[in-house]
Structures are given as structure tokens and as C-alpha cells.
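See below for the structure under consideration.
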Amino acid sequence: MNEIIALAAKDLRMLLRDKAGFFFAFVFPVVYASFFGMIMSGMGGGGSSGIYVVVVDEDQTESSAAFVQQLSDLDALNVITTGRDEAQDLVRRGKRAAMLVLPTGFGKAREQIFGNPPKVGLGIDPARAAETGMLQGILMGELFGDLQRVFTDPTAMAGQLDSTIDEVRNAEDIDPLTRTTLLTFLPALKTFMTKMPDMQSDDSSTDGEGTNNAAGFMQPKIEKIDILPQRDGPQSAYEITLAQGAVWGIMGCAAGFGISLVVERTRGTLVRLRMAPISLWQVLAGKGVACFFTTMTVGIGLFVFAAIVFGVRPHSYVMLAIALVCVSFAFVGIMMLLAVMGKTEQAAGGIGWAILVVLAMIGGGMMPLAFMPAWMQDVAVISPIKWSILAMEGAMWRAFSPTEMLTPCLVLIGIGIGSFGVGARVFKATV
Amino acid sequence: MLVIDSIRKQFGDLVAVDSVSLSIAAGEIFGLLGPNGAGKTTTVNMCVGLLRPERGSIAIGGAGDPTNKDVRRLVGVAPQSLAIYDEMSGRENVTFFGKMQGLRGSELKDRVAWALEFVGLADRQKDKASEYSGGMKRRLNLAIAVVHKPKLLLLDEPTVGVDPQSRNAIFEHILALREMDTTIIYTTHYMEEAQRLCDRVGIMDRGNLLAIDSVDGLINTHGGASRVIATRPDGEEVEMQTDDPLAELQRLQNNGGLQTFHVERANLETVFLNLTGRALRDE
């Protein structure tokens, strides 16, 4: 075992010193996933942007419609309106980051200063917490903005006070002392507001204090709506390109280690290793361990990068770990097959990459399989790239159950065992 | 130390080694001389367990067959191709192959330091092998071969492509190893090297071991007569083969005198020519 570890450590050390190998193993996948993720998500320019929100207008008043329009005009939001059930479904499936419900009475509450504050219901996708925090900030800003407009418009303010005075006068559930107090205070306030319009205007426009004071009267309320996610689609384009990027990185590792085995043969170090008191299987196992470790590192590194930079979260970390292990295992076997493709470094590299690129093309490594014709999707079953992407997507956003995960994982393990067995036998026969 | 008994190896229709037998004593430097394709490397590969003979047997140090891992621990090899990792330093190379030989801990550290010192690379041990000259790489190749202190060392064309200075340094290292009682098999097609270093020489051609003896023994047995080339005072050039050059020169001096003369004694080249009918360097 010590010899296998020493062999693997030597290969890893040499990989880190090989600038081209390091780039294709660790940097290229990140560039690939970032670049294509950006293009597919529209960040490349011209496409719609902002937080994807679905609004449910249950109030159906002029005021609520105006508020929806107000939100639609914001660059920070991408708004569609629909019914509650559909909205809930869209968020549950990850198609929209949040649903915003304007309940009955929202329009009226929005326009009055006193009485019940405006309420909105907010249903969020738990996986989109960062965007939802931003959305809450935008909503509060817009609702406080309404309040500020009422305060700074004396006519609107007078109308609001008249309406409130009438409500107090007609209300049956207010005790006499409170009614008397309010009917004294509110008319006095109306007189004060209408007779000193300039001062009102100045006060409210000088700074944000007016708004803050208004908050003391009635603070808008955002009520949480619980939504259980049922994710049957990717949350963002990065989740699609991430698996593809990882596969390219892993292919780079497999090709690199396959070629390194050929280099060991051509430069004579393999002969020296075979003359040492170790078996050929130990030599190949050392190479396999190094390849496995590197592919795992590439996969984990890429997913950590995507989590930090793009906020991508897998549906299941355990499933993702299992997927990465199976993918790495398969590519260790493929590495062994590539090592016997040519007798020279150039031949092995050329033939190996040609095969890998074709497998990537038909397996969805270049373009998602969903965009390919049906017959191509059928052909893709022969490509380990398809099963690798499927396993990673199953853990990322397809929300595979353990049973569903079994198929791609078993196929990948089978590919790993078969490829390594055939490759190692051919290698042994040819050294 | 090494007993080879009637080994044979065939690749397709080509018989690479045929009925080769020899025995090498501990501390001996044995030269295997022959042109490219003579079967030297195939013989060496069978001696280190890389190839199995189809017939015959090989035993090392009384421990048995070199295909056995424990027996291979007794053997060190410096292959003809520079089997080193250019991306790693000299020290990293020797340490890695030391680990492959089963060395660990302080023993590994001490042996690596000794091997690098032995071949004169201690001061360049941290440099990448790619920065070494051809001669330094050859020395590193040798350091890797001796790091585990083998009892039997196989040096396959260890001076190919090195400058005279490095070649002399390698010779000194080989002689020093003999002083340490290491048995050495030295394959080469440079007869001067075999003459200078080897206690005994085996001459191979087309898979056969044609003769084994000390250098002097081979020359005496198979070298034939010496060649005398002389010029008379009138400018006439005289050339003759003789077993007694001094007597022949005396006779020429007495019969008309000599202006210049030159004696070419038989050497391993001549031995090879006489044994195979063709020159060693023509191959």
C-alpha cells in the first residue's frame, strides 16, 4: 500500500508542476461552466434579468394593480402575474424565486395612514434565500414609498383623514373614551396638515426621518407563505453547465493520466518501476488512485466554486458525493483504456482526445441532451459522459431518489470496472 | 552471485537469446559485449525478472528466480534509457525510487543522501532533473540504481551520450562499487570500456554467447597475430601479421633498417571480428 501511495503522490506532484495539465484539470472546467452558464442565463447581455417573481393580485383594485405595475417597472424584478395555485407551483418547482400575494384589502390599506397596515404574503424558494432577502428589501422600500407619498401630498392626506374620521365615527367596537380622543385629535391633525402645507413638504423631503416616523403609525407587514420545494428543474443555467464543466475537467484528468502512463513507458521509468520489487498492478493502482483523487478534487472544487460564486446548491450533498465517486471511478477506468490507445504520447493524446470529444458530443458534454434530437438522445446511452452528467444532475437538481440514482451509478461503476480491466490487460500484454 | 543456465528467449521468429549460460562471482565486474541487437538487453531483462526465459533458469545470490519480488530487492538496474522524471528534482527522483525499493524513514533518508553524494550530485540535488546535463542525468540514473544498496548491479550502456569527463566519473563510481563487493554486469558496445573495467567479458552476437574470458584471455585465444606497420629509409611501407612483433621488427632492422614503425596489438574489436566475421562498430 505504501508503494501505491508513493506512486500516487508522485503523479499528483508532477500534475501540479505541469502548467498545461493543471490548467485543463482545474481552471478550464471553471471557465467552461462559468462562461456557458453566463450565456445560458442571459447575463451575457440583452436578456431579461432581475429576480423572477410571480405576483398574485387577489385584491383586484386599482391600487393593487398600480402596485403590481410599480413592481414591474423595477429593473431589479422580473414580474409575472398569475393565480395563487399556479404561482405556488412555479415557486415549488423552482421556476420562480418567490411568489408575492396581495390579499383582499391590500389596495385600501396601502392608501390609508391609520388603521390596518398593508399586508403582503411572500412565498419563497428556500434555495434562493439570498435573492429573497433582496426581494424583501425591495418590497419594504416600495411600501414605505407609498406611505411617504401620502404624507407629502396634503390633499391626499386630508382625504385619508376624512375617511378615517368617518370610520371612527361609525365604528361600533370602539369604546367612547377612545372615540372621543380620536375625534378630537384627527380633525386637529387635518387642520394642521392642510394649513401648513409648505412645512409638511419641507419636513418630509429633507431626509428620511418623515418616513421613519410614518413607520410608527403603520408598518407594512410581510407575511411568510410556506412552500415545500418540489424541484423538477434547474434553478439556474449554472446548474446545467456545472455538470458539463465538471465532466470536461474530469475528462482532462483522465486524458492527462492516460498520457502520463504512456510517457512512463516511453521514457523508461515504467521499466524501472517494473524492475523494482512491486507488481505491475501496484503501478497501475498508483496511477488509478492519483487519477481518482484528482477527478474528485476537480469535481468538488468546481461545485464549491459554483456554490460560492453562483449560489448553486445541490438537492442532496450525499447524492452529489456518491455521483462524484462513481464518475471518478468510471474515468479511472477510461484513463486506463486511453493509456493503451497509442504507443507514443502524441498518439495516445490525439486518439484519446478524439474519442473523448466524440463521447462528449453524443453524451451531452457540449450541448445539453434536452436540446438534441430524439435519436441522438437514444445514441447517448453509449457515452459515459451522459451517465456522468445524469448522475451529477440527479444530485444537483433532478432530485433523484436513491433508486433513481442507482441506474447511472451502476452504469458508471460498470464502465469503470470494464474499462480498467480491459485497459490493464492490454497494457500488461504490451509492456 | 548470478548463475544463468541455458536460457532462451524468442520474440516471434527472432531468437533473441539462445542457450546462454554463465556464472558471475560476487564482487566481479562482468562485461557483456556485443553490437546492438546481440541479445544483451534481453539477457539483462531476464536477469531482473522483466522477462521470463522460455527455457533454462536464472538464480541470484542463492535466493532464486528474479521474477520473485524478494529476489529483485537484491538487484539494481541503470537502464540504457534515462529512466528519470525530469519534472522532479534529483533528490525527489532518488527518494521516490528508494520508496519503490521498500526503503522508509531514516534508512531512506540516509541512503538517498549517500547515493547523491556517491555520484557527486549532492550539491545539485534540489535542482530539477530537466536542468541537468547529459552526464549528470546518467549519474542520477546510477544513483537511483544503487540507492537500495543492491548486491547485483546491472548497468546497461551507462555511458551512452556522455562527455569524456562524466564517463571517467562513471568509471570511478563503478570501480568504487566493486570495492564495496557489489557484483556488476556491464553491457556495452564500447570495447575500450570493457577492456578498462571488466574482470571478465562475454561476447554476444545474434543471441549467442560466443566466448567468455578475461580480456587478456580473449585476446590471446581469439585475437590472432599483432600487426606491424613499418617504413624503410627509402620510403617503402611494410605491413605484416606476426605473433612476435619484437622479433619481426629486429629482423626488419637488420635487413635494410627502419625509419618508422607501428605495432597494432589485437584487442576486443579484433576478437569480435575473428569470432563473428564482422566489425563491432559496423553494427
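In what follows, every heavy atom counts, from backbone to side chain, and hydrogens, waters and symmetry copies are set aside. Lettering follows sequence order; numbering is per chain, from 1.
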Proximity breakdown for B:Asn141 and chain A, heavy-atom pairs closer than 4.5 Å: both
Who among A:Arg267, A:Glu264, A:Met14, A:Arg17 has the most heavy-atom pairs with chain B under 4.5 Å? A:Arg267
Only pairs of heavy atoms separated by less than 4.5 Å count here; which of B:His148, B:Arg104, B:Lys99 has the most with chain A? B:Arg104
Give a yes-or-no answer on whether the side chains of B:Thr42 and B:Asn45 include a donor-acceptor pair shorter than 3.5 Å. no
Contact winner vs chain A - B:Val71, B:Leu50, B:Val48, heavy-atom pairs under 4.5 Å: B:Leu50
Region of B:Ile144 that comes under 4.5 Å of a non-hydrogen atom in chain A: both
Contact part of B:Phe97 toward chain A, heavy-atom cut-off under 4.5 Å: side chain, backbone, both or neither? side chain
So, B:Gln165 and B:Arg167: side-chain donor and acceptor under 3.5 Å apart, yes or no? no
Based on non-hydrogen pairs under 4.5 Å, which of A:Ile278, A:Leu270, A:Val263 is most in contact with chain B? A:Ile278
Quick one about A:Asp11 and A:Ser260 (side-chain donor to acceptor, distance below 3.5 Å, no hydrogens or angles considered), yes or no? no
Can you confirm whether the side chains of B:Tyr186 and B:Glu157 place a donor and an acceptor under 3.5 Å from each other? no
Look at A:Ala9, A:Ala6, A:Ala276, A:Pro277 and state which one has the largest set of heavy-atom pairs under 4.5 Å with chain B. A:Pro277
Determine, stepwise, if the pair A:Phe331 / A:Phe420 fulfils ring-ring contact (aromatic ring centres under 6.0 Å, His included). CA-CA 9 Å; A:Phe331 274 88; A:Phe420 195 90; over 10 Å; no
In this structure, is the centre-to-centre distance between the rings of A:Phe292 and A:Phe329 below 6.0 Å? no
